[in-house]
2 protein chains.
Amino acid sequence: MGASKTHSFTNQQNELAILAKALGHPARIAIIEYLLKVDTCICGDIVNELPLAQPTVSQHLKELKNAGLIKGNFEGVSICYCIDELGFEKIKSFFQDVTLHLEKRKNNCC
Amino acid sequence: MGASKTHSFTNQQNELAILAKALGHPARIAIIEYLLKVDTCICGDIVNELPLAQPTVSQHLKELKNAGLIKGNFEGVSICYCIDELGFEKIKSFFQDVTLHLEKRKNNCC
DNA sequence: TATTTATATTGCAATATTACGATACATATT
DNA sequence: AATATGTATCGTAATATTGCAATATAAATA
């Protein structure tokens, strides 16, 4: 085989995995960090900020977009990319859940 | 090529990507969720909780361990796995950073 | 209309991931 | 020592990801 057994897991588990996977590459972390840094959406120069060829960057942007972590809109000359807050909300709530569980956990192990 | 250009990114970016990637599979999300649910570490039956063969589960556990998201210790008969809080702290602080940036961002886009 | 500029798509090679059967290992029990 | 139980490793097939050159597309400008 080789393909993920997606159907064997819940929608929520798959959705979280997709979001996490999208962040599972340093270039995509770098893109997100850059979008946060410039603090706006007019950003027609993402390619120049990364040590990768233009088609590769385009592909990473596409994956982030598919996962729901960024949005892209036409903005005059170039395309304007920005953080999609909805996607980040979903992951964040997972980690908040994790934290909650960890805090009230008894200290009975490790 | 095909290999990730890891060396072109910062240590922090690579580390975050490794953590996110480890969570980028529904089986591994399921494992984390199960560990949180049982709320303890005596868990010699993770295999039975997942719709995957034992070697596959073992492999997923190894990846979570390598990424620093779970810890495994010998505990009598079976091996005791549990959440590694340190790994989760690292991701959490990234998302806190994201949130902070988003909150104070001007509404000048999208 | 021709040119420029920014981004997307295609095609392909190198590599990584996913899954599992077979098998090895390690510990406890008989 | 032999057996049982839980876990890890090996080997391998199927599939996915990564990266880029070449090329296509789309919008603004000359």
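All figures in this text were calculated on a predicted structure; none of them were measured in a lab. Naming convention: chains lettered A, B, ... in sequence-line order (proteins, then strands); numbering from 1 in each chain.
No donor-acceptor pair closer than 3.5 Å links the side chain of A:Thr56 to the backbone N or O of A:Leu52. Counting only distance, with no hydrogens or angles, the side chain of A:Ser58 and the backbone of A:Gln54 share no donor-acceptor pair below 3.5 Å. Judged by distance alone, the side chain of A:Arg28 and the main-chain N or O of A:Ala22 form a donor-acceptor pair under 3.5 Å. Side chain of A:Asn14 to backbone of A:Thr6: a donor-acceptor contact under 3.5 angstrom is found.
The separation between A:Asn48 atom CG and C:dT7 atom C1' is 12 Å, rounded to whole Å. Residue B:Leu23 contributes atom CG, which lies 15 Å from atom P of C:dT17 at whole-angstrom precision. For B:His7 and C:dT15, the NE2 to C1' distance is 15 Å, given to the nearest whole Å. Atom CZ in A:Phe9 sits roughly 11 Å away from atom C1' in C:dT18 (whole-Å rounding). In this structure, NE2 of B:His25 is placed 14 Å from C1' of D:dT17, rounded to the nearest angstrom. For the pair A:Asn66 CG and D:dT17 P, the computed distance is 11 Å after rounding to whole Å. One atom, CD1 of B:Ile31, and another, P of C:dT18, lie 11 Å apart when rounded to the nearest Å. Put simply, CD1 on B:Ile46 is 16 Å from C1' on D:dT5, counting in whole angstrom units.
In this structure, B:Lys21 has no salt bridge (Lys or Arg N to Asp or Glu O under 4.0 Å) partners at least two apart in sequence or on a different chain. B:Thr10 meets the side chain to side chain donor-acceptor pair (under 3.5 Å) test with B:Gln13; sequence neighbours excluded.
At C:dT17, none of the side-chain N or O atoms of A:Lys21 fall inside 4.0 Å of OP1 or OP2 (strictly under the cut-off). Between B:Tyr81 and D:dA8, a side-chain N or O to OP1/OP2 separation shorter than 4.0 Å is present.
B:Leu23 and B:Val98 fall within the same hydrophobic cluster, where Ile, Leu, Val, Met, Phe, Trp and Tyr residues are linked whenever their side-chain heavy atoms come under 4.5 Å apart, directly or through other members.
Within 4.0 Å of A:Lys65, counting heavy atoms only, lies no atom of the nucleic acid at all.
For the contact set between residues 51-64 of chain A and DNA chain C, defined by any heavy atom under 4.0 Å, the members are A:Gln54, A:Pro55, A:Ser58, A:Lys62.
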